[in-house]
Enquirer: 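Before anything else, here's the structure in question.
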Amino acid sequence: MILKKIKNPYLRYTTILLLAFTLIISLFILSVYVGVWGKIPSKKELTTLKYQQASEVYSADSVLIGKYYLQDRQPIPYANFPKHLIDALVAIEDERFYSHSGVDYKSMLRVAFKSILLQDKSSGGGSTISQQLAKNLYPRTKRGKFNLAIAKLKEMFVASRLESIYSKEEILYHYLNQVSFGDNTHGIESASLKFFNKHAKQLTIPEAATLVGMLKATYGYNPRVFPKKSTNRRNLVMQAMYKNGYINEKQKDTLPQTPLQLNYRDFNYNDGIAPYFREEVRKQLLKWTKEKNAKGEDLNIYTSGLKIYTTLNYKMQLLAEEAMQEHMKKLQSDFEKSYGKNAPWLTNKSIINKAVKQSLPYKKLKALNLPEKQILDSLNKKKRMTLATWDKDITIQASTIDSIKHYSKFLNIGSLAVDPKSGEVKVWIGGVNFKHFKYDHISQSKRQVGSTFKPIVYTTALEQGIGPCTYFSAQEVEYKNLKQWSPSNSGSKDEAYLNYTMQEALSKSVNTVAVKVLEKAGIKNTIEQAKKMGISTDLPNEPSLALGTAEVKINELAKAYTTFANNGKHSTPFLIKQIATSKDSIIETFEPQISKEAAFSNKTNMIMLELMKATINTGTASRIRNSYKLTNDIAGKTGTTQNNKDAWFVGVTPKLVSVTWVGLDNHEIGFKSTSLGQGANAALPAFALFLQKMNKEADFNYITKAKFKKPTDAILQDLDCEPIKKDGFLKRLFKNPNKKKRKEFKRS
């Protein structure tokens with residue numbers, strides 16, 4: 001009827017077209033609303049918003065040391081958002097946030113007018129914070145103008161529903177915990193920790209404005225990548241804050257002068273403190289979650305936002321890593337100089353070929369069934385690559401084989417420090433560089449332990465009733481029933497006429513005596529004693545056991561040595577104390593595992609500590625006193641294996657047991673000389689430098705100033721004897737010092 005009253009045919013047709021267009025648009029909007037173009041989440045679904053959360057790893061002294069995540073996100077409560085952060089967000093992204101109900105129609109009309117009629121591409125998108133939250137929660141999956149229109153309408157409907165469910169504070173809570181800041185960082189807390197190494201509640205106005213400014217273009221305004229553009233954007237945010245009355249005129253004029261100062265901390269898998277420790281924690285967590293999920297739980301270390309509280313002492317780990325780097329850098333230089341141009345990783349074709357064939361690039365090409373010549377030709381092609389050195393990374397023209405040779409020369413290290421009373425791991429260094437050497441020498445590597453096994457032999461002897469003042473001849477013996485095996489001592493000292501007490505023999509690490517002590521104590525008894533002390537590895541039932549031919553992991557050796565500082569009871573090294581939910585509700589607590597029975601008597605314990613103190617004071621580890629001037633109460637043992645392949649040092653203090661191994665991953669390469677590769681030179685300094693650094697920190701007085709119990713008068717009396725006794729005149733008269741004694745080794 002209305003149309004009939006319109007006489008002008010053009011006006012009537014125009015009206016019909018407008019009505020038809022309006023009807024089509026209305027039907028289109030309705031079709032989106034009812035879900036023709038894809039379901040829109042209901043209010044019920046929106047009441048339980050869930051998103052991936054990074055699991056956080058904390059040290060024992062409450063420092064965040066790492067994360068496991070697919071999306072790096074750490075949700076925090078609204079109360080932890082500083083007011084100026086909220087003000088910055090509202091000012092630049094949605095200045096009418098507190099007055100609209102999810103959709104700002106006034107802003108949309110402004111954007112439409114500028115974009116369509118004025119063709120102003122800088123007009124923005126007109127989306128409210130609520131609409132942006134909807135977009136983040138349900139990302140767009142299809143491109144094209146038609147799909148964009150559908151997506152925009154969906155976001156408007158979801159935004160309206162969100163506003164009907166949540167308060168403005170709750171909308172901001174979800175938005176700031178959900179939104180992406182680039183660099184695979186989600187949520188304001190993770191962004192704050194990454195770019196400024198501080199919690200969100202500690203952000204200054206310029207820092208908050210910097211992060212909020214990134215939201216327009218997370219890469220284009222990334223302050224790490226484009227600091228100048230980011231600074232300009234930050235200042236624009238603060239200008240909007242002034243315009244909306246959130247900062248005063250003085251702040252508007254002075255704050256933009258603040259220089260952009262990042263403290264970028266990337267929670268990267270390869271970098272950061274204690275990477276080997278974090279990787280071991282990750283492995284243990286995967287096993288734990290698998291067991292939990294088998295019982296009906298739904299836990300994922302990458303998405304469940306778990307909080308893992310570990311035993312690691314952050315400051316102690318930091319000092320240990322510093323000590324390791326100082327020592328290993330110098331040792332690496334000395335090691336390379338000792339070989340010079342004739343180094344085996346450069347000239348020994350057999351060693352080079354084995355290293356190449358064990359490498360991942362070779363194995364990948366081999367898996368393609370390529371001919372050997374083609375594989376080697378490919379691996380020999382020069383290209384631009386970056387190689388790590390102790391000073392700095394170098395970029396050169398090199399082949400894959402050049403790279404293999406380069407990394408074959410690197411010495412590696414495994415260093416573990418535990419609390420002997422509980423087994424809590426305080427320091428864990430699995431290698432020199434996690435980025436290039438993923439192999440963990442603490443939990444994965446088994447190496448011959450050398451003379452660090454001797455204290456177990458001597459402990460057995462004491463338990464078998466052999467007194468510490470028992471004398472053993474240092475003369476070299478050839479054992480007829482052991483294929484003429486003839487263990488000898490290092491050094492050139494003439495010992496044919498000398499007899500050592502156990503204390504002197506252990507402190508000087510005399511091999512000939514160690515074998516004789518083992519013979520008297522019994523191999524089976526020694527193996528049984530080692531098991532009582534926590535060694536679970538199968539040990540060789542051979543006399544060479546006395547010299548440490550057994551291959552044992554570092555954490556297992558540490559476990560055995562905890563007995564000496566824990567009244568004869570071994571404590572198992574462990575890394576995780578508690579696992580909690582994102583809201584700090586404890587899921588599981590891990591208790592120390594300490595043996596119920598002592599592995600040896602209190603008398604043996606006290607004597608062994610005195611024997612190992614002598615190693616530090618006057619024996620093979622005396623440089624701890626002489627060179628490093630350490631006065632702490634320390635017992636310990638050095639160790640060096642055949643051909644200088646493995647260097648060891650175990651330091652025992654009343655409150656800390658530390659085990660250090662140094663060597664090469666390639667078992668075929670050892671140190672050029674014993675003077676360079678012995679435990680006292682290659683391994684001991686890492687411990688000594690570490691303890692020096694701890695001595696300077698008052699926080700560690702409870703460790704560094706701890707004292708061993710004083711030995712009783714009876715113990716001192718048992719040890720009161722001359723350390724060395726020379727053969728009598730008649731015995732010397734009938735002994736040929738240049739001729740080995742020949743006898744059979746008595747197996748018990």
Enquirer: Compare all side-chain heavy atoms of Gln239 with those of Tyr242 and state whether any distance is below 4.5 angstrom.
Expert: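 Yes - at least one pair of side-chain heavy atoms lies under 4.5 Å apart.
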Enquirer: Evaluate the side-chain hydrogen bond (donor to acceptor under 3.5 Å, both in side chains) criterion for residues Trp428 and Asp440: first the C-alpha distance (whole Å), next the side-chain angles of each, then the deciding distance (0.1 Å), finally the verdict.
Expert: CA-CA 10 Å; Trp428 182 295; Asp440 191 331; 3.0 Å; yes
Enquirer: Does this structure show an ion pair linking Lys194 with Asp266, if we count only N-O contacts that are shorter than 4.0 Å?
Expert: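 Yes, charged N to carboxylate O under 4.0 Å.
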Enquirer: For Asn235, give me all partners under side-chain hydrogen bond (donor to acceptor under 3.5 Å, both in side chains), at least two apart in sequence or on another chain.
Expert: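 For Asn235, no residue satisfies side-chain hydrogen bond (donor to acceptor under 3.5 Å, both in side chains) once neighbours in sequence are set aside.
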Enquirer: Can you classify the ring geometry of Phe434 versus Tyr276 as parallel (below 30°), tilted (30 to 60°) or perpendicular (above 60°)?
Expert: perpendicular
Enquirer: Can you tell me if NZ on Lys243 sees more than 12 non-hydrogen neighbours from other groups inside 6.0 Å?
Expert: no
Enquirer: Holding to side-chain hydrogen bond (donor to acceptor under 3.5 Å, both in side chains), I want the full list of residues that pass it with Thr47, two or more places apart in sequence or in another chain.
Expert: none
Enquirer: On the 0 to 90° scale, with breaks at 30° and 60°, tag the Tyr78-Phe81 ring pair as parallel, tilted or perpendicular.
Expert: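 Tyr78 vs Phe81 ring planes: perpendicular.
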Enquirer: Rounded to the nearest 0.5 Å, how far apart are CZ of Phe196 and CD of Gln261?
Expert: 9.5 Å
Enquirer: Examine the side chains of Glu280 and Gln284 and answer whether a donor and an acceptor come within less than 3.5 Å of each other.
Expert: yes
Enquirer: Could you pull out all residues at least two apart from Thr310 that satisfy side-chain hydrogen bond (donor to acceptor under 3.5 Å, both in side chains)?
Expert: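 side-chain hydrogen bond (donor to acceptor under 3.5 Å, both in side chains) check on Thr310 returns nothing, list empty.
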Enquirer: I'd like to check Leu286 versus Tyr302 (side-chain heavy atoms, cut-off strictly below 4.5 Å). Are they in contact?
Expert: yes
Enquirer: May I have the step-by-step check of side-chain contact (heavy atoms from CB on, under 4.5 Å) for His441 and Ile413, ending in yes or no?
Expert: CA-CA 7 Å; His441 294 87; Ile413 190 171; over 6 Å; no
Enquirer: Please output the side-chain donor-acceptor pairs of residues 573-582 that fall under 3.5 Å, not counting sequence neighbours, one pair per line with the distance.
Expert:
unit_1, atom_1, unit_2, atom_2, d
Gln578, NE2, Thr589, OG1, 3.2
Thr581, OG1, Lys583, N, 3.3
Thr581, OG1, Ser585, N, 3.1

Enquirer: Can you see which heavy atom on Ser304 is nearest to which on Asp298, and at what distance?
Expert: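 Shortest heavy-atom separation between Ser304 and Asp298 comes out as OG-O, 4.1 Å.
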Enquirer: Does some side-chain heavy atom of Glu291 sit less than 4.5 Å from a side-chain heavy atom of Lys287?
Expert: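 Answer yes - side chains close enough.
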Enquirer: State, yes or no, whether a side-chain contact exists between Gln131 and Thr128 at a heavy-atom distance under 4.5 Å.
Expert: yes
Enquirer: Check Lys295 with Glu297, please: is the shortest side-chain N to carboxylate O separation under 4.0 Å?
Expert: no
Enquirer: Determine whether more than 12 heavy atoms belonging to other residues, nucleotides or ligands lie under 6.0 Å from atom NZ of Lys198.
Expert: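 Correct, the count exceeds 12.
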Enquirer: Is Lys201 atom NZ crowded by more than 12 heavy atoms from other residues, nucleotides or ligands, each under 6.0 Å away?
Expert: no
Enquirer: Please walk me through it: do Glu189 and His199 pass side-chain hydrogen bond (donor to acceptor under 3.5 Å, both in side chains)?
Expert: CA-CA 6 Å; Glu189 179 75 351; His199 295 289; 2.6 Å; yes
Enquirer: For Glu321 and Gln325: C-alpha separation, side-chain torsions, deciding distance, then whether side-chain hydrogen bond (donor to acceptor under 3.5 Å, both in side chains) applies.
Expert: CA-CA 6 Å; Glu321 289 186 8; Gln325 289 165 3; 4.9 Å; no
Enquirer: Under the side chain to side chain contact (heavy atoms under 4.5 Å, CB included) rule, collect the residues that match up with Ala217, sequence neighbours excluded.
Expert: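 With neighbours one apart ignored, the set is Tyr221.
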Enquirer: Do Asn136 and Ser180 have side-chain heavy atoms sitting under 4.5 Å apart?
Expert: no
Enquirer: Restricting to side-chain hydrogen bond (donor to acceptor under 3.5 Å, both in side chains), what partner residues turn up for His84, sequence neighbours left out?
Expert: none
Enquirer: Could you tell me if the ring centre of Tyr219 sits under 6.0 Å from that of Phe226?
Expert: yes
Enquirer: Between CG of Asn695 and OG1 of Thr704, what distance do you get to the nearest 0.5 Å?
Expert: 5.0 Å
Enquirer: Grab the two heavy atoms, one from Ser571 and one from Gly423, that are nearest each other, plus how far apart they are.
Expert: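 Residues Ser571 and Gly423, closest heavy atoms: OG-N, 3.4 Å.
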Enquirer: Is the terminal nitrogen or CZ of Arg224 (NZ for Lys, CZ for Arg) located under 6.0 angstrom from the six-membered ring centre of Tyr264 and within 45° of that ring's axis?
Expert: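 Satisfied, under 6.0 Å and within 45°.
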